[in-house]
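Every value quoted in this text rests on a predicted model; they were computed, and no experiment measured them.
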Amino acid sequence: MPTARESLLDAAFAALEGRPWPRVKMAEVAAAAGVSRQTLYNQFGSKEGLARALVRREADAYLSGVERALSGASGAAGPRERLAAAAVWTVRSATENPLVRAVLTGCWNERLPTPVTPVTSVTPVTSVRTASPGPLPAPGELLGQARDRAVRLLAGDWPPGAVELPLACEAVARLALSYVVAPAPAADVARMVRTVLA
């Protein structure tokens with residue numbers, strides 16, 4: 001059973017799919033999650049805190065998907081195939097999730113919560129201090145985190161004599177990002193990665 005925090009984040013994400021973030025009401029999010037509005041404020045402190053936690057969760061889920069692809073969970077065997085799977089995951093994730101797309105590209109539209117700076121807030125009713133989640137990565141930082149995970153997870157399997165692993169991982173991450181910015185079918189990025197790394 002999901003925690004109240006996860007239920008609230010799920011409800012906020014569902015609300016965001018139906019309307020722009022400025023029109024999402026905290027009371028509606030709490031009701032959809034089956035908790036009181038006070039519970040929501042205790043968990044996140046403010047609507048900005050909720051937005052920040054939601055964006056952080058989606059960025060972390062993206063990075064977890066990158067790790068799954070790189071570990072071979074997608075069925076890809078060799079390191080080049082696993083890099084291709086990570087690139088496909090990046091394109092699909094950004095296509096299906098506007099928050100992932102915004103964090104990867106830095107392009108936020110009026111429908112999405114805008115990135116906010118980290119704060120510690122005090123809720124007026126309970127005086128409970130609620131620290132916001134860790135800082136949101138900038139677009140280049142999130143891509144760098146994906147690249148660094150690729151280097152770490154593929155280090156033991158990278159073929160000798162091939163292009164340097166960090167360079168290959170950087171090229172694949174940037175290639176995937178280009179498919180996010182200039183959309184094309186996700187499967188095409190896998191073919192492109194295989195071609196570039198051949």
Side-chain angles (χ1 to χ4, degrees), residues 1-69 71 73-74 86 88-146 148-149 176-177 180-181 183 186:
M1 178 171 206
T3 65
R5 183 177 185 84
E6 280 303 310
S7 294
L8 285 161
L9 291 171
D10 290 343
F13 190 79
L16 183 59
E17 290 177 334
R19 66 179 81 71
W21 185 253
R23 291 185 33 218
V24 171
K25 304 291 183 216
M26 296 290 272
E28 294 169 359
V29 171
V35 300
S36 70
R37 212 170 76 183
Q38 187 59 50
T39 298
L40 189 154
Y41 282 101
N42 287 346
Q43 287 291 321
F44 302 104
S46 65
K47 188 173 181 182
E48 291 76 22
L50 174 61
R52 182 176 188 70
L54 180 60
V55 172
R56 179 78 256 173
R57 180 183 79 163
E58 298 307 309
D60 288 345
Y62 160 72
L63 289 171
S64 293
V66 167
E67 284 195 2
R68 279 191 307 278
S71 67
S74 64
V88 167
W89 165 254
T90 296
V91 174
R92 284 194 179 137
S93 184
T95 300
E96 295 169 1
N97 188 328
L99 291 174
V100 170
R101 180 181 174 84
V103 173
L104 281 172
T105 64
C107 297
W108 298 83
N109 65 41
E110 66 281 351
R111 290 192 55 82
L112 301 175
T114 55
V116 292
T117 55
V119 296
T120 301
S121 61
V122 178
T123 56
V125 175
T126 62
S127 298
V128 174
R129 294 183 66 78
T130 307
S132 59
L136 297 177
E141 291 170 331
L142 187 63
L143 202 62
Q145 289 175 18
D148 293 347
R149 289 170 193 222
L177 185 59
V180 170
V181 173

(Q) If I compare all heavy atoms of Pro113 with all of Leu16, which pair ends up nearest, and what's the gap? (A)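 Scanning both residues completely, I find the closest heavy atoms to be CD-CD2, 4.0 Å.
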
message: Let me confirm one number: the CZ-CG distance from Arg37 to Asn42, rounded to the nearest 0.5 Å.
response: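 With rounding to 0.5 Å, CZ (Arg37) is 12.0 Å from CG (Asn42).
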
Contacts of [X] that satisfy side chain to side chain contact (heavy atoms under 4.5 Å, CB included) - sequence neighbours left out:
X: Ala33; value: Ser7, Leu8, Ala11, Val35
X: Pro20; value: Pro22, Arg23, Arg111
X: Ser36; value: Gln38, Thr39
X: Arg92; value: Val88, Glu96, Ala186

Side chains of residues 99-106: which donor-acceptor partners sit under 3.5 Å, not counting sequence neighbours?
from   : atom 1 : to     : atom 2 : distance (Å)
Arg101 : NH1    : Val180 : O      : 2.6
Arg101 : NH2    : Val180 : O      : 3.4
Thr105 : OG1    : Arg101 : O      : 2.8
Thr105 : OG1    : Cys107 : N      : 3.1

Using side-chain heavy atoms (C-beta onward) and a distance below 4.5 Å, is [X] in contact with [Y]?
X: Trp21; Y: Leu50; answer: yes
X: Val91; Y: Leu177; answer: no
X: Phe44; Y: Arg52; answer: no

Practice prompt. May I have the step-by-step check of side chain to side chain contact (heavy atoms under 4.5 Å, CB included) for Trp108 and Val55, ending in yes or no?
Written response: CA-CA 12 Å; Trp108 298 83; Val55 172; 3.9 Å; yes

Under 3.5 Å, which donor-acceptor pairs link side chains of residues 58-66 to any protein atom two or more places apart or in another chain?
from  : atom 1 : to    : atom 2 : distance (Å)
Glu58 : OE1    : Asn97 : ND2    : 2.6
Asp60 : OD1    : Arg56 : NE     : 3.1
Asp60 : OD1    : Arg56 : NH2    : 2.8
Tyr62 : OH     : Thr90 : OG1    : 2.9
Ser64 : OG     : Asp60 : O      : 3.1

What residues, two or more places apart in sequence or in another chain, satisfy salt bridge (charged side-chain N to carboxylate O under 4.0 Å, His left out) together with [X]?
X: Arg149; value: Glu67
X: Asp148; value: none
X: Glu28; value: Arg19

**Report entry** With Glu6 via side-chain hydrogen bond (donor to acceptor under 3.5 Å, both in side chains) - residues at least two apart
**Finding:**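 If we apply the side-chain hydrogen bond (donor to acceptor under 3.5 Å, both in side chains) test to Glu6, skipping adjacent residues, the hits are Arg57.
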
